[in-house]
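I have placed the structure first, in the form of structure tokens, so that the comments after it can refer back to it.
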Amino acid sequence: MRARVLIRPKQGILDPQGQAVERALPALGFDGISHVHVGRLVELDVDDPTQLPDICERLLSNPLIEDYEIVEEVPSHSAAEAS
Amino acid sequence: MRARVLIRPKQGILDPQGQAVERALPALGFDGISHVHVGRLVELDVDDPTQLPDICERLLSNPLIEDYEIVEEVPSHSAAEAS
Amino acid sequence: MSQTASPSNRHRQLGLTDHEYELIVDRLEREPGDVELAMLSLMWSEHCAYKHSRKLLRRLPTEGPHLLMGPGENAGAVDVGQGMAVAFKVESHNHPSAVEPFQGAATGVGGILRDVFAVGARPIAVLDSLRFGEPAESGRSRYLLEQAVAGIGHYGNSIGVPTVGGEIYFESSYEQNCLINAMCLGLAPVERLIRSAATGPGNVVMLLGALTGRDGIGGASVLASAELGEGDEAKRPSVQIGDPFTEKKVLECCLELLDRGLLAALQDLGAAGLTSSVSEMASKGGVGIDIDVSRVPLREPGMVPFEIMVSESQERMLCVVAPERVGAVIDVCQRWEVAATPIGAVTDEVRVRVLDAGVLVGDLPVHVLVDDCPLYDLEPIQPAVDLYPAPAAILTGTESPAESLLALLGSANLASRRPVFEQYDPVVQSRTARRPEQADAAVLMLADGVSIAVSIDGNGRRTACDPRRGAAEAVYECAANLACVGAEPLGLTNCLNFGNPEKPHVAWQLTEAVDGLAEACRALNIPVVSGNVSLYNEAPSGPIFPTPVVGIVGQLPDPGRAAGLAFRRDEDAIALVGAFEPSSAGSELAKLRGVSPRGPLPELDQAAAAAAHELLRSAVRDGRLTSAHDIAEGGIAVALAECAIAGGLGATVELPDGLEPFAEAPGRAFVVSGSRDAIERLVQTPVPVQVLGTVGGDGLQINGALSVSLGALLDAWSGGLT
Amino acid sequence: MRFGVVRFPGSCDDIDALQAAARVGDAVELWHADRDLREADAVIIPGGFSYGDYLRAGAIARFAPVMEEVAEFAREGGLVLGICNGFQVLCEAHLLPGALLPNTSLRFVFRQVELEVVDSATPFTRACAPGERLSIPVKHTTGRFYSPEPVHVVLRYAPNQNPNGSQADIAGICNDAGNVFGLMPHPEHAVDALTGSIDGLKIFESIRAHVSDRVAV
Ligand SMILES: Nc1ncnc2c1ncn2[C@@H]1O[C@H](COP(=O)(O)OP(=O)(O)O)[C@@H](O)[C@H]1O
Ligand SMILES: [Mg+2]
């Protein structure tokens, strides 16, 4: 199965990247954008999806400062590629 | 509106971050995982969602090396926070 | 937090003893309110009040001919000539790094940088001193090493301050308590140095830099003041994230504000946030300060006054500005995209008053915050038994000298540090004349005719053997490193990393170590200009090795003559300079053989060591030597091997009768190379100098008994830490 | 001649570039927010971490007001040198082809490397001999050059010295017109024997020679 993991800074934790993007946007002529947060996206093929929470906690995210979310279960890599 | 942008390395471009994750997993006792790719997640509140493709192409992603996907439109930040 | 605690025990939850709480009530003549108690608990914490170390620190000498600013300011400073001052300080970030090593180490660098530019000096160099558990035994230690190094690099590299040196040791006593000490040096015209004393009632207090969030609340200060027990999750603060980009802007902005003469006082926000900064500024100025927390720009909604007062959000500075200059300050800040907000005023009442939109929520006399915390006497008792278990034996003692040499070179404590220092930018700012692995001390050029050298040293295992002598050795080793590049010490900073001082044997280690530092500084005539103390580095299995870390800054006239450690010329003579009577106590070889750290360390004849330093310094300054290297871990054999590896040139030597190749006595002696003539001139001096042999060939031969090819030396040494 | 050195928030090697350029000509700072090149004959986008390297190295800096002027200047044939972060900015701004990706080691790397001069006929390398080796340090986390299209290679890492996994060992490239040059190594940190090497001076000397020829014409 192909899984997608979203990792984002925990609420309340400083997110300097998000701040930098937010400040840059008006200069590009984009207004009305706020609460920008920058995190990571991990996509992977996994045989046993029940491992995912464990993988997220131990490797993909840093639980002290990041939250993770396993958002989606899509067909496996090769299938997705073909489509 | 709260939007979520997924940015991933273009296919065929070496993704050492994905490789590093893939290499680390067996040592932690996780098997059967492959095709790992690491990208970026950007989440933002946007007044005018029609601006999003432009924002993605000009700032959030570099089209030469990255693909982007606007996956979801969820209620805005403040609403999400309250829930 | 106080909502959940009953009034009778809330002070204990905040780390105050009943006695301390009674004292507070007595001084205030009332019970403190919530905001006040939060503030007092931090100001009376070990971290801020130095309650178990302050009395001891008075034993350190703090006077010297080049001293401009001593302990008590954010950083100490020395005069380096031509109207220039160098400010420096070392600080620990041990506890936050144990929780989150990347951010902990990064914000450690961020914090020490702020201390340096808070006195008006532009940060020009960072050094790091790190301790972890054994990498071969502990995955966690390898992880901490990797993350801490990455974090230090991340902050220093991104902000454009070179990381020019450091040291790393691995011992199992650090398994649960890694040490992350960072030192920063800054440069300022003497007249730009500024103190943190708030002045001028009516002046405006402004907050510069990052927004205030719930970072580290209940954090570093409380955390650093008690042992971090297992499963103590609730005590863990919200992790602070370093933002070097914001700090870079704040740094440039503050220096410009000072250059334009717009500030009356400047102070960084570190542990205990606004509470500590405001109290210290008021105390030093003999004035009061009113702060209105409702004016503090927040990153998170719903923060209450006590949270704002104790938040440890990074990348913030506090300054005092005359009312007529506020506009000009805001203009400069805008150019640097730095937020600048008036949040209060200097008063003549000598109280810190906290208001929330004009409503008084806290009102404390400055002296209660800063001076009234009781200072404790230590109750030192020399332990009767070994405090530390024997390390795992890697060598049996039956190896040949060549095998021992290769094992030492490949051990984590002695192997090449290249995998680490390649992650640091050592050259930005274009001052670095000697970078890591080129010489024993980093050399930075300040102006024509003025350069400085800096090194940071400490050896916990030796200090565990004999705290007094081990601490003194750290001073001598550091000064010896400076002598190798021809530098004369001007000032010293130190970080005292110890276990729980309330335990008698730790109290003994601390007392002895401070005495050892003080003696060495006096003997070498080096004033202590700044420092930091990190206590309670203790796990259920016991305390860390007592680890005083020493950083010395020295001056040299000609960076072109700073000797490197590499053998560079075939046929050069090699000599041993200095009285050298090493022993195996506390040595790296003893460790590899599984011997527990136990004294006595070899005699330290301070006058003889100082004379050797002086001789070496003058020979290097005259440009007479090809190379110079102090003899430290691994003894003379390892020192020779390091010179050979660095230069890609072998050597053939005979050691003086009875000199053990791997025995140690750091800080007292050197191996040097130079023309026959130059070496002959050294021999003519009163300092003991012995000619050992000759540079050349493609291997190291010692006493005809040990012979190893350069390739084998290099392989062992470069593969020990990857 | 006059060099202009851009200063973004987060630039770090800007002063170093000013000092290096001042060894061969005049050098002035160009402030990111000003649409003014101060009559510079050549523009340097220096190294560092503009805007913290947040999001992607160089991604935010390319939108700074001064960059509009730099783009215009480049279109008119002015010499533009991008060093490290400056190289990243020029790629993001499409003034150079390709992109810079994270090092394969995923680590920051500082190293004194040897470079081979592949093209010694550019305005930036004319003081070098063809095939000459230059010793210049690199220091970056995002230096792996990638381009799906062929590019004009000016400098390569010497064999076995590629520090970042760069495609075809590419260390520096120029645009088709030859007036915009980007490189990951830091020539401004190789202008003084005391700090390691003087080979980087050749880049600055080349620029001066080119500009004075042009003025002479
Ligand atoms: N071991 C020490 N030796 C000398 N001075 C010290 C030592 N420890 C702390 N100090 C001095 O005590 C003052 C308070 O230190 P610290 O709390 O670390 O300062 P800051 O809050 O500015 O980081 C500083 O001036 C520091 O230099
Ligand atoms: Mg301070």
Side-chain angles (χ1 to χ4, degrees), chain A residues 1-9 11-12 15 17-61 66-69 71-72 74 76-81, chain B residues 1-9 11-12 15 17-61 66-69 71-72 74 76-81:
Chain A
M1 195 198 70
R2 187 126 187 104
R4 179 177 287 171
V5 179
L6 306 184
I7 299 152
R8 54 175 72 86
Q11 232 210 298
D15 174 15
Q17 298 214 67
Q19 288 186 352
V21 172
E22 194 161 328
R23 271 196 224 116
L25 284 164
L28 307 192
F30 300 113
D31 290 317
I33 290 146
S34 61
H35 297 100
V36 182
H37 286 293
V38 178
R40 268 170 303 129
L41 162 72
V42 182
E43 296 178 312
L44 67 176
D45 282 355
V46 54
D47 288 350
D48 173 7
T50 62
Q51 294 186 324
L52 276 173
D54 222 25
I55 294 179
C56 288
E57 259 152 65
R58 294 185 51 202
L59 184 68
L60 301 184
S61 78
E66 293 169 330
D67 287 328
Y68 69 90
E69 183 184 345
V71 269
E72 227 177 305
V74 293
S76 88
H77 182 70
S78 34
E81 220 109 285
Chain B
M1 196 198 71
R2 186 124 187 105
R4 177 177 289 172
V5 179
L6 306 183
I7 298 152
R8 56 175 70 87
Q11 242 214 291
D15 172 17
Q17 268 187 289
Q19 289 182 342
V21 171
E22 213 162 312
R23 268 197 308 267
L25 284 164
L28 297 179
F30 301 112
D31 290 314
I33 290 139
S34 60
H35 296 100
V36 184
H37 286 292
V38 178
R40 252 193 325 275
L41 163 71
V42 182
E43 296 179 310
L44 63 176
D45 281 356
V46 53
D47 288 349
D48 173 6
T50 63
Q51 294 185 324
L52 276 173
D54 218 25
I55 295 178
C56 288
E57 261 153 63
R58 292 186 55 206
L59 181 68
L60 300 185
S61 78
E66 294 165 332
D67 291 325
Y68 70 89
E69 185 183 344
V71 269
E72 227 179 305
V74 293
S76 90
H77 184 71
S78 34
E81 218 108 288

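Just so it is clear: chains get the letters A, B, ... in the order the sequence lines come, proteins before strands, and each one is counted from 1. All values below were derived from every heavy atom in this structure, side-chain atoms included, with hydrogens, water molecules and symmetry-related copies excluded.
Chain B forms more heavy-atom pairs under 4.5 Å with one residue of A/R8, A/R58, A/Q17 than with any other, namely A/R8. Comparing B/L44, B/V46, B/V5 by heavy-atom pairs within less than 4.5 Å of chain A, the highest count is held by B/L44. Chosen from B/L59, B/I7, B/D47, the residue pairing most often with chain A at heavy-atom distances under 4.5 Å is B/D47.
Only the side chain of A/L60 comes within less than 4.5 Å of a heavy atom in chain B; its backbone stays farther off.
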Identify each donor-acceptor pair in which a side-chain atom of residues 19-34 of chain A lies under 3.5 Å from a protein atom, sequence neighbours left out, and give them as a table.
residue	atom	partner	partner atom	Å
A/E22	OE1	A/H35	N	3.3
A/E22	OE1	A/V36	N	3.0

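For A/D48, the side chain to side chain donor-acceptor pair (under 3.5 Å) partners two or more places apart in sequence, or in a different chain, are A/T50.
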